[in-house]
2 protein chains.
Amino acid sequence: MSPAISATPDALAQRLATSGLRSTPQREVIYGVLLKKRDHPTADEVYARVRTDMPTISLATVYNCLETLVQCDLVRAVNFERGPTRYCPNLRPHAHFHDESSGSTHDIDLPADLLEKVSAVLPPGYDAKSVEITFRGRATKNSS
Amino acid sequence: MSPAISATPDALAQRLATSGLRSTPQREVIYGVLLKKRDHPTADEVYARVRTDMPTISLATVYNCLETLVQCDLVRAVNFERGPTRYCPNLRPHAHFHDESSGSTHDIDLPADLLEKVSAVLPPGYDAKSVEITFRGRATKNSS
DNA sequence: GTCTTAACTTAGAATAGTTCTAATTATCAC
DNA sequence: GTGATAATTAGAACTATTCTAAGTTAAGAC
Ligand SMILES: [Mn+2]
Ligand SMILES: [Mn+2]
Ligand SMILES: [Zn+2]
Ligand SMILES: [Zn+2]
């Protein structure tokens, strides 16, 4: 089992420390915002949400902190189309379903064996460190 | 069997016609450039290659034509990280392997049943129109 | 063949998203 | 506390892309 599978705000200080980084109010509130509403917000959206708690934060800091969280493996940067990067704090293996009618993105949990099956298609000489799966289509009802 | 699985320059005029669009020298040379070197170039890279044949073409036209080719389903726009969109004329079902040491992107053909297996993880209410699979890692030797 | 009209291309301006720079502020080790 | 280092900040700069408005080309009507 990989470490910090259940992401909590407390996990943050630990992860930062093991990377030789400091826990700061800005990093904490940004991580909290990501955990609170897991709708894959953009940096701008994170900025807007963070400002209600911390009105003096700068957009540059939001970018800096998001990048830090990604480097710590607490957050995934998600890019499946042209347009701003989105951020996802879900650390379980999961795919993304992009609902083209609503523009929203949903997490789809993946059974452990599926990623193995998918990776099995790689010819010899290809060594994959990660796999990303993205669906596009319509989701009827069921928002989360 | 889906139409125009084997992409040729000739397929272009047909596809454009059925979409009510014109075949133009710019569209032809851009599509030819994509077919000739299938390394998932960016719009800027396409622009540079096209200019050796057609020095007066504009970058705006390159963007316009690439978008047209994507709309005609002759080319896939590929986005798996922040940065410029890349373009792929491979119409077979395939995944992308992004080699992080070289920065290059390789096509990985997918067996027909794999996409079904992958789509089977979707809960009821999710109707996927397309699936994208991206690997990241190192490819030892074997460039194409 | 000319005319008409719509499609297409073009250069350059504008925009969006992100990164960089340089100055300030906060934190840590001692 | 002092000095060194890390982090934040505002704003400028940058990259990729889209928009605008003008010019060009080509298809269809006659
Ligand atoms: Mn969308
Ligand atoms: Mn890369
Ligand atoms: Zn996610
Ligand atoms: Zn491809």
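Order of the sequence lines fixes the chain letters, A, B, ..., with proteins taken first and strands second; residue numbering starts at 1 for each chain.
- A salt bridge does not link B:Arg76 to B:Asp107: none of the charged nitrogens lies less than 4.0 Å from a carboxylate oxygen.
- Rounded to an integer number of Å, the gap from B:Arg27 CZ to D:dT25 C1' is 12 Å.
- Side-chain contact check for B:Ser101 and B:Asp99: at least one donor-acceptor pair (N or O, by modelled atom type) lies under 3.5 Å.
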Output side-chain donor-acceptor pairs under 3.5 Å for residues 109-122 of chain B, partner residues at least two apart or in another chain, one line each.
| from | atom 1 | to | atom 2 | distance (Å) |
| --- | --- | --- | --- | --- |
| B:Asp113 | OD2 | B:Lys117 | NZ | 2.9 |
| B:Ser119 | OG | B:Leu115 | O | 3.0 |

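- Remark: A:Gln14 CD is loosely packed, at most 12 non-hydrogen atoms of other residues, nucleotides or ligands lying under 6.0 Å away.
- B:His94 is linked by a ring pair (Phe, Tyr, Trp, His ring centres under 6.0 Å) to B:His96, counting only residues two or more places apart in sequence or in another chain.
- Using a 3.5 Å distance cut-off with no hydrogens or angles, the side chains of B:Gln71 and B:Ser19 do not pair a donor with an acceptor.
- A 6.0 Å sphere centred on CD of B:Glu45 holds more than 12 heavy atoms belonging to other residues, nucleotides or ligands.
- Using cut-offs of 30° and 60° for the angle between ring planes, the B:Phe80 and B:His98 rings count as tilted.
- A salt bridge links A:Arg136 and B:Glu132; the closest N-O separation between the charged side-chain nitrogens and carboxylate oxygens is under 4.0 Å.
- In terms of the ring pair (Phe, Tyr, Trp, His ring centres under 6.0 Å) criterion, B:Phe135 has no residue partners (sequence neighbours excluded).
- Take the nearest nucleotide of DNA chain C for A:Thr24 and for B:Cys65: the residue whose nucleotide is more 5' is B:Cys65.
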Query raised in the report: What is the per-nucleotide protein-contact pattern of nucleotides 9-20 of chain D, from the 5' end, where B denotes a base atom under 4.0 Å from a protein heavy atom, S denotes such proximity for sugar-phosphate atoms only, and - denotes neither?
Result: BBB----SBBB-
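- We find that CG of B:Leu21 is positioned 14 Å from C1' of D:dA27, with the value rounded to whole Å.
- When the local axes at the two ends of the helix from C:dG1-D:dC30 to C:dC30-D:dG1 are compared, using 5 base pairs at each end, they differ in direction by 30° after rounding to 10°.
- The CG-C1' distance, from B:Leu16 to D:dT25, rounds to 16 Å in whole Å.
- In summary, contact between chain B and DNA chain C, defined as any nucleotide atom under 4.0 Å from a heavy atom of the protein, begins and ends at C:dA6 to C:dT19 in the 5' to 3' direction.
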